[in-house]
Engineer: 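Submitted below is the structure of interest, expressed as structure tokens.
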Amino acid sequence: MRVLVIFSHPVETSYQAALHAEVVQQLRGAGHEVDDCDLYAEGFNPVMSREERLGYHEVPQNRLPVQRYVDRLLWAEAVVFCFPTWCFGLPAMLKGFFDRVLMPGVAFDISDPQNVKPALTHLKRIAAVVTYGRPRWTALFMGDPPRKCITRYLRILTGGKARIDYHACYHMNVATPSRLQSFKAHVGRAMRRFA
């Protein structure tokens, strides 16, 4: 399977970076073709410009500023997101990716605004490997926006066709090394079975 891995964390020595490395290693070991997209290392610009916003609905010209990322997304049969939760949301870098790349003509067809159609119907699988500094109850109290973004919003964009898994490590700021290692092993097993 062709898998696009989207990693969003600025620190290469972080626990999230170790999870990302495990994801890529296990996917490749399982025989998948992996496009490893490290948004920070690639210098992705998460800021939508005034010009981009003005041309947001102009399909297909709207793709031009992020064509390389659009091509990678359309190449993929599956996407795995690796990111931390900050302020109970997506990191700004990843939110910018969603804002700039998941656009009309790529993620959805808005030619009839009364009947918006999903356009990521080629995706068969989506997974996320996510870390939280706070406990699960706090994330639930806040509505857990990252979980909803991955498991609900992306499901809509695939027309409900993609199978979606969400692997979350909560309260990691006080997690013991053994618990962190256990979660990493869980992620590795999930990526080895990814299909």
Side-chain angles (χ1 to χ4, degrees), residues 3-24 26-27 37-40 44 46-48 73 76 78-103 107-108 116 118-121 123-195:
V3 184
L4 174 61
V5 175
I6 299 176
F7 173 54
S8 182
H9 196 290
V11 181
E12 69 282 356
T13 56
S14 65
Y15 178 62
Q16 187 66 52
L19 293 173
H20 164 243
E22 181 74 6
V23 164
V24 172
Q26 296 303 331
L27 286 171
C37 176
D38 180 336
L39 294 174
Y40 281 92
F44 178 78
V47 179
M48 181 182 289
L73 180 61
V79 181
V80 178
F81 296 92
C82 300
F83 63 92
T85 296
W86 290 336
C87 299
F88 297 102
L90 301 176
M93 178 69 81
L94 184 58
K95 179 63 168 66
F97 179 90
F98 275 59
D99 291 345
R100 295 187 68 212
V101 179
L102 302 183
M103 66 177 75
F108 52 93
V116 177
L120 294 180
T121 54
L123 294 177
K124 301 171 187 170
R125 293 282 280 109
I126 296 172
V129 176
V130 188
T131 54
Y132 293 73
R134 303 292 297 275
R136 177 85 197 275
W137 73 265
T138 312
L140 288 172
F141 178 75
M142 296 300 293
D144 207 347
R147 181 182 289 268
K148 289 178 180 173
C149 189
I150 299 296
T151 64
R152 296 183 186 183
Y153 181 56
L154 292 180
R155 184 179 307 280
I156 291 169
L157 296 180
T158 67
K161 295 181 179 179
R163 180 178 151 208
I164 301 177
D165 294 324
Y166 193 84
H167 308 283
C169 180
Y170 291 93
H171 216 186
M172 65 162 287
N173 290 342
V174 297
T176 62
S178 64
R179 188 162 81 79
L180 295 177
Q181 185 56 40
S182 176
F183 181 73
K184 184 179 169 188
H186 160 78
V187 168
R189 287 190 299 273
M191 294 303 110
R192 284 193 298 275
R193 295 191 308 261
F194 195 78

Engineer: Measuring from Ile150:CD1 to Tyr166:OH, what's the distance to the nearest 0.5 Å?
Structural biologist: 7.0 Å

Engineer: Could you report the tightest heavy-atom contact between Val80 and Val3, atom names first, then the distance?
Structural biologist: CG2-CG1, 3.9 Å

Engineer: Any chance you could measure Ile126, atom CD1, to Asp165, atom CG, to the nearest 0.5 Å?
Structural biologist: 10.5 Å

Engineer: To the closest 0.5 Å, what do you measure between CG (Leu39) and CZ (Phe7)?
Structural biologist: 9.5 Å

Engineer: How many angstroms lie between NE2 in His9 and CG in Leu19, if you round to the nearest 0.5 Å?
Structural biologist: 10.0 Å

Engineer: Can you tell me how far the CG atom of Leu157 sits from the CZ atom of Arg152, to the nearest 0.5 Å?
Structural biologist: 14.5 Å

Engineer: What heavy-atom pair brings Val129 and Gln16 nearest, and what distance separates the two atoms?
Structural biologist: O-NE2, 3.3 Å

Engineer: Tell me which donor-acceptor pairs under 3.5 Å the side chains of residues 186-195 have, and how far apart each pair is, sequence neighbours excluded?
Structural biologist:
unit_1	atom_1	unit_2	atom_2	d
His186	NE2	His167	ND1	3.0
Arg192	NH1	Gln26	OE1	3.2

Engineer: Is a side-chain N or O of Thr151 found less than 3.5 angstrom from the main chain of Arg147, in a donor-acceptor match?
Structural biologist: yes

Engineer: Just do the side chain to side chain contact (heavy atoms under 4.5 Å, CB included) check on Val130 and Cys169 with the steps written out, would you?
Structural biologist: CA-CA 6 Å; Val130 188; Cys169 180; over 6 Å; no

Engineer: Ring centres under 6.0 Å, that's the criterion: do Phe97 and Phe83 meet it?
Structural biologist: no

Engineer: Given Lys184 and Tyr15, is the side chain to side chain contact (heavy atoms under 4.5 Å, CB included) satisfied, shown in steps?
Structural biologist: CA-CA 9 Å; Lys184 184 179 169 188; Tyr15 178 62; 4.2 Å; yes

Engineer: Under the side chain to side chain contact (heavy atoms under 4.5 Å, CB included) rule, what do Leu154 and Phe98 come out as? Steps first, then yes or no, please.
Structural biologist: CA-CA 10 Å; Leu154 292 180; Phe98 275 59; 4.0 Å; yes

Engineer: Mind listing the closest non-hydrogen atom pair of Ser8 and Pro91 along with its distance?
Structural biologist: OG-CB, 3.9 Å

Engineer: Is the side chain of Arg155 donor-acceptor paired with the backbone N or O of Gly160 at a distance under 3.5 Å, no angle test?
Structural biologist: no

Engineer: Does anything in residues 131-159 pair up under ring pair (Phe, Tyr, Trp, His ring centres under 6.0 Å), and if so which pairs, sequence neighbours excluded?
Structural biologist: Tyr132-Tyr170

Engineer: For Arg163, does its backbone N or O pair with a side-chain atom of Lys124 as donor and acceptor, under 3.5 Å?
Structural biologist: no

Engineer: Can you list every side-chain hydrogen bond (donor to acceptor under 3.5 Å, both in side chains) pair that touches residues 82-98, not counting sequence neighbours?
Structural biologist: Lys95-Asp99

Engineer: Please determine whether side chain to side chain contact (heavy atoms under 4.5 Å, CB included) holds for the pair Leu123 and Lys161, giving the CA-CA distance in whole Å, both sets of side-chain angles, and the decisive distance to 0.1 Å.
Structural biologist: CA-CA 8 Å; Leu123 294 177; Lys161 295 181 179 179; over 6 Å; no

Engineer: Just how far is it from atom SG of Cys82 to atom CG of Asp38, taken to the nearest 0.5 Å?
Structural biologist: 10.0 Å

